[in-house]
Amino acid sequence: MNASARMRVWGMIRKESLQILRDPSSISIAFVMPVVLLFLFGYGVSLDAKDIAVGIVIEQPDTASDALAGAFERSAFFRPQRFESIQMARQALDEHRIDGVVWLRSDFSTRLFSGNEAPIGVIVNGVDSNQANITKRYIEGAWLAWLDHYAGIRGQSILMPVELESRVWFNAALSSRLFLVPGLIAIIMTLIGSLLTAMVVAREWERGTMEALMATPLRMTEMLAGKLIPYFVLGMGGMLLSVALAVWQFDVPLRGSFWLLMVSSALFMLVALAIGLLISVVSKNQFVAGQVAIIATFLPAFILSGFLFDINSMPEVIQWLTHLIPARYFVAILQTLFLAGDVWPVVLSNMGALLLMLVFFAVLVWHKTGKGLE
Amino acid sequence: MHLNYIVALMLKEFLAVLRDKRSRFVLIAPPVVQLLVFSFAATYDLNHVPVAIYDEDRGGEARALIARLEGSPTFEIVVKISHQDEIAALIDNREVLMVLHIGQNFSTELQRGERAPLQVILDGRNSNTAMVAMNYLHTVLLDYNRSWLSAQGQNSPKVSLQTRAWYNENLQSRWFIVPGIMGLLILVVALLVTALSVAREREAGTFDQLLVTPLRPAEILIGKAIPGIIIGGLEATLILVLMVVLFDIPLRGDLGALYLGIVLFLLSAVGMGLMISAIAVTQQQAILGAFLFLVPAVILSGFSTPIANMPEPVQWLTYLDPLRYFLVVVRGVMLEGDSYALLMHQYWPMVIIGVGSLVMAGWLFRRRMY
């Protein structure tokens with residue numbers, strides 16, 4: 001690059017940077033949004049159920065049934081509430097005051113002591129099926145604890161011969177924060193790289209200033225470089241801010257190497273920028289560009305990337321589709337680098353995929369921008 | 001209030017959005033595609049969980065346990081390993097989600113009537129998946145224990161849990177998520193249509209022209225709000241039909257109660273959109289502003305993670321989120337068959353948010369008239 005080309009690119013960078021700095025909305029997308037998102041996901045959102053409100057109905061209280069109720073009251077997962085009758089508990093379930101009911105019928109103890117089947121009725125509100133499953137599992141746990149205790153008292157043999165000893169690697173406490181926060185970085189970078197860039201370049205087309213730029217000695221490559229460098233810097237800034245918050249504020253371990261994280265983030269940022277550019281070039285209108293960017297980049301990054309929902313459990317066709325979402329590869333890299341460490345096979349294969357996408361989108365942008373004016 | 005002025009402005013607003021082929025396209029096609037893709041994708045239910053088996057025992061008891069796992073639709077045994085060292089690579093490279101380690105003495109211990117530990121190693125990178133997989137495994141083990149005890153002639157525990165799930169009997173997460181996607185999609189559409197309407201005029205300079213017409217600010221506001229509500233309502237109807245026909249989500253409650261919820265929700269969404277529009281100077285600011293509202297609104301609504309799990313201060317914040325109320329309405333009507341009375345506490349906050357934001361937007365319009 002000769003001196004005049006450098007000057008042209010530099011001028012373009014300066015113009016873009018000033019535009020970013022003068023528009024409060026750009027700054028807030030780049031810096032306020034990541035902080036809001038990180039705090040929401042770091043502190044606000046959690047899949048870990050606690051204090052589950054269960055109603056306990058004991059129609060005929062005695063020592064055996066009280067011991068079972070005690071098992072629920074001692075458990076850290078429950079906030080048990082006693083109800084006089086099953087009707088009242090059902091009413092409370094309907095009104096969402098409780099999430100589940102444990103129901104001991106009046107003949108529970110008689111049946112238990114006479115050696116008959118003594119069923120315990122459990123009702124859970126299944127609308128939120130994931131939480132319902134967790135509630136069910138915790139109720140089962142409390143029940144098993146009680147059974148074991150009860151069998152011990154009566155000198156019976158062990159009730160559960162095979163016992164699960166689980167060890168969870170990378171996230172021993174199964175805290176959903178450690179899982180959600182790293183993936184969030186992919187979402188934040190998608191926002192800056194694709195949404196913000198698509199809007200900005202589309203504005204240039206909509207206002208006709210793109211034509212004015214084309215009439216200057218600025219070459220296409222120089223213009224693209226000048227446009228993209230400020231957003232690249234902005235995106236990487238957002239990424240560094242997120243990493244800092246993740247590690248120092250939310251205690252997410254960074255077990256892999258920082259440099260590998262930087263390199264893969266830079267690669268992802270370039271892919272996101274290329275997609276943002278492509279959207280703007282194709283739509284040439286801010287309304288359409290904004291909509292398309294949200295629909296084609298942000299929402300898929302949220303739902304199809306493995307950030308929240310497990311890709312393996314999606315139907316096959318959707319699984320293929322996720323391969324078209326760059327965030328999918330980056331989320332895999334992030335979760336591995338943060339929680340597991342430098343696992344080369346995972347990092348390299350996903351970076352390879354990102355590289356392929358970068359080449360593909362760069363060629364496409366080149367082809368589309370080359371056509372120039374309508 | 002001049003009705004014909006408002007109607008004229010509404011017509012103009014519809015034309016502004018629908019005239020352009022690409023704008024028309026982004027209003028209709030993407031929501032449908034998203035509903036289809038996301039509804040299939042967004043599930044917490046697991047299937048095909050890849051499992052590795054490390055069986056050191058090789059006895060009949062171990063084989064029976066493995067057979068149970070193979071018979072479960074949740075698990076897929078992808079590899080059987082014979083050495084401890086192989087575990088790390090399998091988990092690290094995400095080839096399996098869990099490794100089941102059956103120790104050397106598993107069968108002997110069982111036969112002697114001792115407790116036989118079964119070790120499982122899970123990849124915790126996705127904590128929810130790991131948790132759900134462990135729950136499934138617990139269920140398989142519970143069954144195994146019972147059948148083993150009864151095969152031994154021992155009495156299996158006489159106390160059993162009889163669990164029933166109400167409203168979503170098979171606990172399919174799709175039933176929970178898909179109605180949520182409806183709320184998400186109509187919020188996006190209503191918000192963007194209105195948020196851009198004023199900003200576009202301001203950027204093009206036509207907003208000043210609008211202000212010198214005989215239209216009063218309140219009339220401008222209504223003329224701009226109603227198209228958003230109509231477009232959102234039509235989209236909601238389309239999505240509702242697809243949900244019931246394609247995804248077999250039951251519609252157990254009163255359609256009127258649902259539509260009352262849709263209209264009130266759209267009112268609050270449109271109010272928020274116009275408020276953003278009144279603050280923004282350019283379209284870019286309007287879209288980004290809409291986004292700054294949209295993302296927290298989705299996260300705090302209980303769309304994917306329960307509000308009850310959030311810390312208390314964050315839970316207070318969710319009361320400002322119209323989507324929070326609408327999700328209760330749409331899930332309540334469709335799955336629980338709720339009607340007006342039970343949903344009253346969801347309706348009135350949406351009215352307050354809607355009216356409040358519209359008044360605020362009106363005030364901002366007036367203030368912008370120099």
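Protein chains get the first letters and strands the later ones, always in sequence-line order, with residue 1 at the start of each.
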Tell me, side chain or backbone of A/L321 under 4.5 Å from chain B's heavy atoms, or both, or neither? side chain

Between A/N171 and B/R125, is a side-chain contact (heavy atoms from CB on, under 4.5 Å) present by the stated rule, with each step listed? CA-CA 6 Å; A/N171 182 357; B/R125 265 171 280 189; over 6 Å; no

Hey, does B/F38 have a side-chain heavy atom less than 4.5 Å from the side chain of A/L304? yes

Residue-level contacts of residues 130-138 of chain A with chain B, using a heavy-atom cutoff under 4.5 Å: A/N130, A/Q131, A/A132, A/N133, A/I134, A/K136, A/R137, A/Y138

Tell me, side chain or backbone of A/A332 under 4.5 Å from chain B's heavy atoms, or both, or neither? both

Side chain, backbone, both or neither: which part of A/L339 has a heavy atom under 4.5 Å from chain B? side chain

Listed by chain and number, what are the salt bridge (Lys or Arg N to Asp or Glu O under 4.0 Å) partners of B/R164, not counting sequence neighbours? none

Using side-chain heavy atoms (C-beta onward) and a distance below 4.5 Å, is A/S313 in contact with B/D45? no

Mind running salt bridge (charged side-chain N to carboxylate O under 4.0 Å, His left out) on A/R203 and B/E203 for me, showing each step along the way? CA-CA 11 Å; A/R203 183 175 57 185; B/E203 210 173 303; over 6 Å; no

With a 4.5 angstrom heavy-atom cut-off, could you sort out which part of A/L180 is near chain B: side chain, backbone, both or neither? neither

Any heavy-atom pair between the side chains of A/V36 and B/V295 that's under 4.5 Å? no

Per-residue contact mode, A/F298 against chain B (heavy atom under 4.5 angstrom): side chain

Toward chain B, the part of A/F302 with a non-hydrogen atom under 4.5 Å: side chain

Please identify each residue that fulfils salt bridge (Lys or Arg N to Asp or Glu O under 4.0 Å) with A/E204, with sequence neighbours left out. A/K15, A/K227

Would you check, one step at a time, whether the test side-chain contact (heavy atoms from CB on, under 4.5 Å) holds for A/L191 with B/F291? CA-CA 10 Å; A/L191 273 183; B/F291 214 69; 2.8 Å; yes

I'd like to know whether B/Y167 forms a side chain to side chain donor-acceptor pair (under 3.5 Å) with A/D94, so could you lay out the CA-CA distance, the side-chain angles of the two residues, the decisive distance to 0.1 Å, and finally the verdict. CA-CA 10 Å; B/Y167 315 125; A/D94 268 334; 2.3 Å; yes

Side chains of A/F170 and B/N126 in contact at under 4.5 Å (non-hydrogen atoms): no

Kindly determine whether B/E336 and A/H96 satisfy side chain to side chain donor-acceptor pair (under 3.5 Å), including the steps that lead there. CA-CA 11 Å; B/E336 301 177 32; A/H96 297 183; 2.8 Å; yes

Test B/W166 against every option in A/V101, A/V127, A/V124, A/I123 by the side-chain contact (heavy atoms from CB on, under 4.5 Å) rule and name the one that passes. A/I123

Less than 4.5 Å apart, side chain to side chain, heavy atoms only: is that true for A/E206 and B/R200? no

Is A/E95 close to B/L342 at the side-chain level, that is, under 4.5 Å between some pair of heavy atoms? yes

Which bit of A/E140 is near chain B, if near means a heavy-atom gap under 4.5 Å: side chain, backbone, both or neither? both

Is the side chain of A/Q286 donor-acceptor paired with the backbone N or O of B/Q284 at a distance under 3.5 Å, no angle test? yes

Could you give me the CA-CA distance, side-chain angles and deciding distance for B/Q285 and A/M199, then say whether side-chain contact (heavy atoms from CB on, under 4.5 Å) is met? CA-CA 10 Å; B/Q285 287 184 359; A/M199 294 285 302; over 6 Å; no

Determine, stepwise, if the pair A/V317 / B/F40 fulfils side-chain contact (heavy atoms from CB on, under 4.5 Å). CA-CA 9 Å; A/V317 185; B/F40 281 117; over 6 Å; no

Who pairs with B/R331 by salt bridge (Lys or Arg N to Asp or Glu O under 4.0 Å), at least two apart in sequence or on another chain? none

Would you mind checking which part of A/T336 comes under 4.5 Å of any heavy atom in chain B, side chain (CB onward), backbone (N, CA, C, O), both or neither? both

